[in-house]
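Keep in mind it's a predicted model, so treat the numbers as computed, not measured.
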Amino acid sequence: MDPLQFEEHVAELCRRDGCTEVRRVGAANDLGADVTGRLPDGRKLVVPCKRYAKDRTVGSPDLQTFNGTARSEHGADVPLFVASCRFTNRPGPSLPATTWSWSMSTCSDSGTAAQL
């Protein structure tokens, strides 16, 4: 699966789970937004789709950077970080508990990055 297919796959999962207005918006200089949409309750969802090697991890700096741009640049109510690799176990002290992370099918809103 190439990066564009990965973004399309994540967009389709959002649609499957009841999101509306789902769009793949990823491009050069997108400031971290690859997919956007609305949750069933109307909140705005912004998703970066990171197709990384399986031996790589996503750490606190990645999540913190995304959380900042998702809210300030894209107006996200719910920032959801999706990656094809693992997340580190600790999100860091400054990461809000409302930042979601998803490693291809498991979600967590506790501030702890989810993994398969």
Only distances under 3.5 Å count here; give the side-chain donor-acceptor pairs of residues 32-42 to other protein atoms, sequence neighbours excluded, each with its distance to 0.1 Å.
| unit_1 | atom_1 | unit_2 | atom_2 | d |
| --- | --- | --- | --- | --- |
| Asp34 | OD2 | Cys49 | N | 2.7 |
| Arg38 | NH1 | Gly42 | O | 3.0 |
| Asp41 | OD1 | Arg43 | N | 3.1 |
| Asp41 | OD1 | Arg43 | NE | 3.2 |
| Asp41 | OD2 | Arg43 | NE | 2.8 |
| Asp41 | OD2 | Arg43 | NH2 | 3.2 |

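The side-chain contact (heavy atoms from CB on, under 4.5 Å) search around Glu12 returns Arg15, not counting sequence neighbours. Applying the side-chain contact (heavy atoms from CB on, under 4.5 Å) criterion to Asp2, with sequence neighbours excluded, gives Leu4, Gln5.
Scanning both residues, Lys44 and His74, for their nearest heavy atoms gives NZ-O, 2.6 Å. The shortest heavy-atom contact between Pro79 and Ala70 is CB-CB, 3.8 Å. Heavy atoms only, all atoms of each residue included: Val22 and Ala11 are closest at CG1-O, 3.6 Å.
Between Val46 and Phe66 there is a side-chain heavy-atom pair separated by less than 4.5 Å.
When only modelled atom types and interatomic distance are considered, Thr69 and Glu73 share no side-chain donor-acceptor pair under 3.5 Å.
Applying the salt bridge (charged side-chain N to carboxylate O under 4.0 Å, His left out) test to every pair with at least one member in residues 45-58, sequence neighbours left out, gives no pairs at all.
A donor-acceptor distance shorter than 3.5 angstrom exists from the side chain of Ser84 to the backbone of Tyr52, with no hydrogens or angles considered.
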